[in-house]
Structure formats: structure tokens, C-alpha cells
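In what follows, chains carry the letters A, B, and so on, assigned in the order in which the sequence lines appear, proteins first and then strands, with residues in each chain numbered from 1. If you're wondering where the values come from, they're calculated on a predicted model, not measured in any experiment.
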Amino acid sequence: MKLYNTLTHKIEEFVPMQQGKVGMYSCGPTVYSHPHIGNFRSFLVADLLKRFFEFKGFQVTHIMNITDVGHLVDDADEGADKLEEAAKKQKKDPMEIAQFYTDSFMQASKLLNIKPANKYPKATEHINEMIEIIKKLIDKGYAYVVDNNVYYNVEKFADYGKLSGNTLEELNAGARIEVNQEKTNPQDFALWKHDPKHLQQWDSPWGKGFPGWHIECSAMSSKYLGAEFDIHTGGEDNIFPHHECEIAQSEAASGKKFVHYWLHTRFLMFDGEKMSKSKGNLYTIQELVEKGFRKNAIRYSLISSHYRQNYNFTFDGLKAAQQAIDKIQQCVLRLEDLRKNAKAGEIRPELKDLSSNCLKDFDESLSDDLNISKALGVCFDFIREANKAENMNSTEAAALLDTINKIDSVLGVLEAGESEVPVNIIELAEKRKAAKLAKDWKTADAMRAQITSLGWTVEDTPGGGYRLKRAGEAG
RNA sequence: GGCGGCGUAGCCAAGUGGCCCAAGGCGAUGGUUUGCAAAACCAUUAUCCGUGGGUUCGAAUCCCACCGCCGCCUCCA
């Protein structure tokens, strides 16, 4: 398994800390608004990676945080807090807002068939853990207190900048930072903030206040995965400052290497443009579903291109994704028919090879820094060969189905189970079948037209049978 | 100003020195099949990989220049 490590700027062989096990932390949502498709691309990359590790037989412990403490809107630690802004606007308690959007996030995750993390720790439930780390950082001389605020002194951490490449000199040269007189260095970041206007307040050794942004991930990752763990994922924007600061805090506090492999997902574009509120192209999963796009097509579309590539999300792309999934699903339906209705027998060697080669190539493709395009190519080559195979017995069909299911354990795009067909649709299909037997094509076509008008599709199968599908849905 | 990425067919996209007259998906066209369809299968759809140079026996792949697009740089995944 090879992965591109942002820390080393290289593709590296993945070596887990414990054989057969992977500890993985993903930066989750900040719950002051509905997460959009861009957020979910990043979450889906984590899901794909996790599923692939499981495909390879690893036992994965996956932690995804829920940030329910708002962060400052402006730069330089000043300005309004997003969660609080939302709370004030909607005249609600910050925790109500957080819960509402957490629910929205969970619902969308489920729609996208994202495997739940082992734990979704909330920042507000780990204030004590954060305080403990801050204390340790003060004791070790990495942090200092000024006027009930605690700041991290970046100069004390020699490796500051090793992830992002932003050295202190360069940051000074860039000088986009407003000078805060309290800080020793302009780049020092807040570990604990004092602000009486803030709605969310907790007691601390430095008086009432609230935690800085970065500290939550240091606190929660070490609590659930240990001070040192395998993989940390997030969006590319997290590289600096968030992950840079996490490294500084965690490594200074523990004295250990924090994360072995850093994976960052590049931003999603919408129709060639950056997504933003002003452009009105921040779609949520729920909105796309309401527009009539299938949830598995949304998933397919979002995972179908390489995670280190900007992905241009378009409605045409979504339609193409739907067609692509239909192709797989269609093959599954055919194989299921054969598995149920054909006779048992031996598996021909060429079909055995087809399956094993497919799984091997699929594995190799994704093992190459999650080369999903290549993996999908392997998958479709297999589908074509499976469709071509003639006179298949039920044993063979079952074996090929098993292969597709193994692949889909990673892709997660196939619809589970068959949809319930209403009785009236079955009646029409039966009438059509009878008419066809009588060679009464006029009646048969009329029946088909009726079925179509009711939103279903009839497909004839070999041997005079038929298959019913909901229109626009293979399966 | 600093850091980084990209430019391959109508669209999406893999390939990073010979296996490439370049995978796979979507779309399109023709065919097989079908009572007609649908689905499936077959064939065609890039002799060439932003442009111009260079290195090499050999380049989409390496080097240089240019053009174009995009991201990050204090809280947006």
C-alpha cells in the first residue's frame, strides 16, 4: 500500500504501527451549517481509504471529530464566532445549532453510504482533555499566558512549518497577519481564549474562556488513538494552519511523533469554479437528492477521481455516474437471475481466473495511492467479460457475484436488495407476457407503455421472462 | 510575494522513458440480438498527449522556455 504523505511530499509505502491495524483520524465537520458536497468529497476519501484497508484485511480504528465550538471568522483571533453567529441569527442556543447540523451531517453521511467512524467525539465534550494538554504545554515552556489568554509560542517548536513548508521567515515576509500585541510572535496561535462576549464559556485555570481551534484535534486524537498514530486526513486547506498547529501542540506535549501519514484531499470545484456562498453553488447532499439525483451516483461521482486532483463536479458528471452504476447493477441483476435459476456446476477455469485477476488488479490499483480511475477501469473490464460469458451455471454466477460484492465493499455504490414492485405493475407485466406468448404485439406494447408511464421499465430476459426496474434506477 | 497542482478524444479520466498508432466511464455513429424495444455484445469515435525548443536509438512521460487554468498561505474539507 502506497500513499502520498503531505509531510514528506513523497509517495511512501504504508507501514502500520501495529501489524494489521490502522489508526486513522479525520477532520470532521464544523457544525454551524449544512455540510456541502465539497466537505463530503474529503469525508468520502477517508471512507474509501478505510474501506480499502478493510478490503485488504486491516482492522481500522477511525475517529472523526465533530467541531461544535465555533471558530473565529476573521483572521488574527478576532471577530465573530461562526457557531455563535448562527445561534444569534436563528435565536437559538449554540448547542441546539450544533445538534441540528450534526444531525444533518449524519443524515448525509448515511445517504452517501459512508461507513460510520468508530467514534465521533465532540469538541465540547473534551474541554478537560484540552486543558490538560495546554497545562502540559505551559509547563514545558511551549505556551505562555497573557491576560487570561494562552498562546503557543511557535518559535519554541523547531519543526514548525514542516508540514506546510511555511517557515516562520516566510510567514513574516508574507505579512498577511495582523499584529496582536499580546503575542510574542505574530504566528503564535491561541490555545485558550478569554472573551466575555462569547456565548460558550468553560472554566479553566486561566479563567473562563473557550479553547482555540487546533487544540481539539490534538486532544481527541490522542485520547482515542494515542499520542502517535498512523493516518490523519483532511481537506487541503487544513494543511496550514490547522494541521501544522496540531503537530506543534501534539509533538511538543507528548515528545513523540504525532502522525505518520498525512493525507489531504484537494478541493472540489463546481462547474469549473471554486464553490462559495456568493456563487450559490454550495450544494448539500440532501439538495442533490431532492433534485432527483440518486445518492449512490453522488457517491460514485465524488469518489471517481483521484483525491489529490481538483475535481470538477458537474450535473453532467452526475448523470454519467448514474449510467456507470447502472452498468454494474445490470450485470449484478443478470448474475443474480443465473444464480437463482441456472443449474449448479463446476466453475470454468477462465472464469475463476477472471475473478482472481480482477481482484488482484483492483487491489494493485488502489494500493497505488488510491488510483481509483485505474481501479474502476479494472472493474468495468470485469463487467464486460462477465456479461460476455455464456451458458453460465449458478455456481459460476455466484462466484462472479462474490467478486463484484468484494469490489463494492470498497466502492459502496450498489443498491442493496431489490426494490419492491407494486402489485399493479406485476399484473401489467404478466398481461404483457401473456400477450407476447399469443403474439399479440399491440397489447404487449400497450402494457409496456402503461408500465413506463407508471415509472417502471420492463426488460425481457432470455427464456421469455422479464425483469422490472424503477425508471432511472437499475435495481 | 511564498508554497503547490494541472493542461491527454465531444465530456470525465488513467498512463510519468520502449508493452502507447494512449486504459476505463459517459456521449455519439454503425452492426449483432430482439416481434419492436430495453439490456448486453461487437466495431468506429486521440498516429497523438497546451505551444515551441532540447536530451535520447526511443518522450504524453525527462530538461528549458512560453501560454493558459486552478488551489493554499489564520480558521472554507
Side-chain angles (χ1 to χ4, degrees), chain A residues 6 9 26-30 33 35-46 67 70-79 81-82 164-167 169-171 173-178 186-187 189-190 212-214 233-242 244-245 264-269 272-277 282 300-301 304-306 308-312 314 316-317 319-327 330-331 333-334 365 371-381 383-384 386-388 390 436 439-441 444-445 448 452 457-462 466-467 469 474:
Chain A
T6 310
H9 299 277
S26 298
C27 276
T30 304
S33 67
H36 51 74
I37 48 176
N39 299 320
F40 274 103
R41 161 135 125 131
S42 165
F43 303 148
L44 279 167
V45 167
T67 298
H71 295 314
L72 300 157
V73 161
D74 280 354
D75 56 356
D77 306 332
E78 294 300 328
D81 175 298
K82 282 183 175 165
S164 62
N166 288 336
T167 62
E169 301 80 67
E170 277 161 0
L171 284 171
R176 254 181 62 174
I177 303 152
E178 267 179 54
Q187 295 79 21
F189 55 91
W213 174 32
H214 317 299
T233 74
E236 62 173 324
D237 59 323
N238 283 151
I239 297 171
F240 190 86
H242 186 48
E244 193 71 69
C245 296
H264 292 100
T265 306
R266 242 165 244 295
F267 269 121
L268 183 78
M269 321 278 286
E273 288 187 310
K274 185 183 170 158
M275 296 199 307
S276 70
K277 261 188 194 140
L282 286 177
Y300 183 100
S301 174
S304 65
S305 82
H306 192 76
R308 281 193 292 118
Q309 197 88 43
N310 282 118
Y311 178 56
N312 187 18
T314 60
D316 281 346
K319 284 177 201 147
Q322 283 188 187
Q323 289 306 114
I325 296 171
D326 281 353
K327 193 169 201 163
Q330 198 71 35
C331 178
L333 289 174
R334 178 169 164 267
S365 304
N371 190 336
I372 186 73
S373 303
K374 206 170 171 186
L376 288 173
V378 170
C379 173
F380 284 104
D381 284 339
I383 298 291
R384 193 186 326 105
N387 281 333
K388 269 203 274 190
E390 286 174 352
K436 276 183 64 178
K439 295 202 189 288
D440 178 1
W441 310 127
D445 288 350
R448 183 166 64 199
T452 307
T457 306
V458 224
E459 279 177 12
D460 293 339
T461 55
Y466 61 85
R467 181 186 294 143
K469 301 193 304 189

- Message: I'd like the P distance from B:A23 over to B:C42, given in whole Å.
- Response: 15 Å

- Message: Heavy atoms from C-beta onward define the side chain here; which of B:A38, B:C6, B:A77 lies closest to that of A:Gln309?
- Response: B:C6

- Item | Partner nucleotide, any strand, of B:G68 [Watson-Crick/G-U, under 3.5 Å] | B:C6

- Item | Nucleotide B:C75, atom P - distance to CZ of A:Phe189 in whole Å | 15 Å

- Task: State the CZ-OG distance between A:Phe267 and A:Ser42, to the nearest 0.5 angstrom.
- Result: 9.0 Å

- Paired nucleotide for B:U74 [Watson-Crick or G-U wobble; both distances under 3.5 Å]: none

- Item | A:Asp445 side-chain proximity, nearest of B:C6, B:G25, B:G35 | B:G35

- Message: I need the CD-P distance between A:Glu390 and B:U33, as an integer number of Å.
- Response: 13 Å

- Message: Going by the rule ring-ring contact (aromatic ring centres under 6.0 Å, His included), which residues pair with A:Phe40 if we only count those two or more places apart in sequence or in a different chain?
- Response: A:Phe43, A:Phe105

- Query: Side chain of A:Asn39: nearest nucleotide among B:A77, B:A14, B:A39?
  - Reply: B:A77

- Query: OP1 or OP2 of B:G15 sitting under 4.0 Å from any side-chain N/O of A:Asn371?
  - Reply: yes

- Item | Nucleotide B:G7, atom P - distance to CG of A:Asn310 in whole Å | 11 Å

- Rounded P spacing from B:C26 to B:C67 in Å: 39 Å

- When all nucleic acid strands are considered with a 4.0 Å heavy-atom cut-off, which category describes A:Val45: base, sugar-phosphate, or nothing? nothing

- Note on the structure: Contacts of A:His242 meeting ring-ring contact (aromatic ring centres under 6.0 Å, His included) (sequence neighbours excluded), chain-then-number -> A:Trp213, A:His214

- Query: Which base, if any, makes a Watson-Crick or G-U wobble pair with B:A13, both distances under 3.5 Å?
  - Reply: none

- Query: Taking CZ from A:Arg334 and P from B:A40, how many angstroms apart are they, rounded to a whole number?
  - Reply: 11 Å

- Between B:A13 (P) and A:Asp316 (CG): distance, integer Å: 13 Å

- Task: Quickly work out the A:Gln187 CD to B:G2 C1' distance and round it to whole Å.
- Result: 13 Å

- Rounded to the nearest 0.5 Å, the CG atom of A:Leu268 sits from the CG atom of A:Asn312 at a distance of 8.0 Å

- Query: In whole angstrom, what separates A:Asn312's CG from B:G7's P?
  - Reply: 14 Å

- Item | Presence of A:Lys327 side-chain N/O under 4.0 Å of B:A40 phosphate oxygens OP1/OP2 | no

- Message: Given B:C41, B:C70, B:G4, identify the nucleotide with an atom nearest to the side chain of A:Arg266.
- Response: B:G4

- Any donor-acceptor N/O pair under 3.5 Å between B:A39 base and A:Asn387 side chain: no

Protein-nucleotides 18-23 of chain B N/O pairs closer than 3.5 Å?
unit_1	atom_1	unit_2	atom_2	d
B:A23	N1	A:Ser373	O	3.4

- Query: So how far is it from A:Gln187 CD to A:Phe240 CZ, rounded to the nearest 0.5 Å?
  - Reply: 7.5 Å

- Task: Taking atom C1' in both B:G50 and B:G5, compute the distance separating them and give it to the nearest angstrom.
- Result: 16 Å

- Message: A:Lys439: which residues meet the salt bridge (charged side-chain N to carboxylate O under 4.0 Å, His left out) condition with it, sequence neighbours left out?
- Response: none

- Task: Determine the Euclidean distance between corresponding C1' atoms of B:C57 and B:A65; express it in Å to zero decimal places.
- Result: 26 Å

- Message: Rounding to an integer number of angstrom, what distance separates B:G35 and B:A46 when you compare their P atoms?
- Response: 35 Å

- Item | P atoms of B:U8 and B:C3, separation to the nearest Å | 26 Å

- Could you let me know what B:U56 is paired to, Watson-Crick or G-U wobble, both distances under 3.5 Å, or none if it's on its own? none

- Query: Quantified in whole Å, what is the C1' atom distance between nucleotide B:C49 and nucleotide B:C6?
  - Reply: 14 Å

- Message: Rounded to whole Å, please give me the gap between CZ in A:Phe240 and C1' in B:G71.
- Response: 16 Å

- Query: With sugar-phosphate meaning primed atoms plus P, OP1 and OP2, does A:Phe380 contact a base, only sugar-phosphate, or nothing at under 4.0 Å between heavy atoms?
  - Reply: sugar-phosphate

- Note on the structure: Residue pair A:Arg448/A:Ser42 against RNA chain B: nearer the 5' end by closest nucleotide is A:Arg448

- Message: Strictly distance-based, threshold 3.5 Å: is any side-chain N or O of A:Arg41 a donor or acceptor partner for the main-chain N or O of A:Arg266?
- Response: yes

- Sequence-distant partners of A:Asp440, salt bridge (charged side-chain N to carboxylate O under 4.0 Å, His left out), two or more places apart: none

- Message: Checking base pairs now: Watson-Crick or wobble, both atom distances under 3.5 Å. What partners B:U61?
- Response: none

- Query: Taking the nucleotide of RNA chain B with the closest heavy atom to each, which residue, A:Gln323 or A:Asp460, is nearer the 5' end?
  - Reply: A:Gln323

- Query: Under 4.0 angstrom, heavy atoms only, what part of the nucleic acid is A:His36 near: base, sugar-phosphate, or nothing?
  - Reply: base

- Query: So what does A:Gly234 touch, heavy atoms closer than 4.0 Å: a base, only the sugar-phosphate, or nothing?
  - Reply: sugar-phosphate

- Task: Determine the contact category for A:Ile372: base if any of its heavy atoms lies under 4.0 Å from a base atom, sugar-phosphate if only primed atoms, P, OP1 or OP2 are that close, otherwise nothing.
- Result: nothing

- Could A:Asp460 and A:Lys436 be called an ion pair, given the rule that one side-chain N must be under 4.0 Å from one carboxylate O? yes

- Message: Run the side chain to side chain donor-acceptor pair (under 3.5 Å) test against A:Ser365 and tell me which residues pass, sequence neighbours left out.
- Response: none

- Euclidean distance, A:Ile37 CD1 relative to A:Leu44 CG, rounded to 0.5 Å: 11.0 Å

- Is there a Watson-Crick or G-U wobble partner for B:G27 with both distances under 3.5 Å, and which nucleotide is it? B:U45

- Query: Rounding to the closest angstrom, what is the interatomic distance between B:A39 and B:U33 at atom C1'?
  - Reply: 11 Å

- Under the 3.5 Å rule, do the base of B:G71 and the side chain of A:Asp237 count as making a donor-acceptor pair? no

- Note on the structure: pair_partner(B:A40), Watson-Crick or wobble, both distances < 3.5 Å, evaluates to B:U32

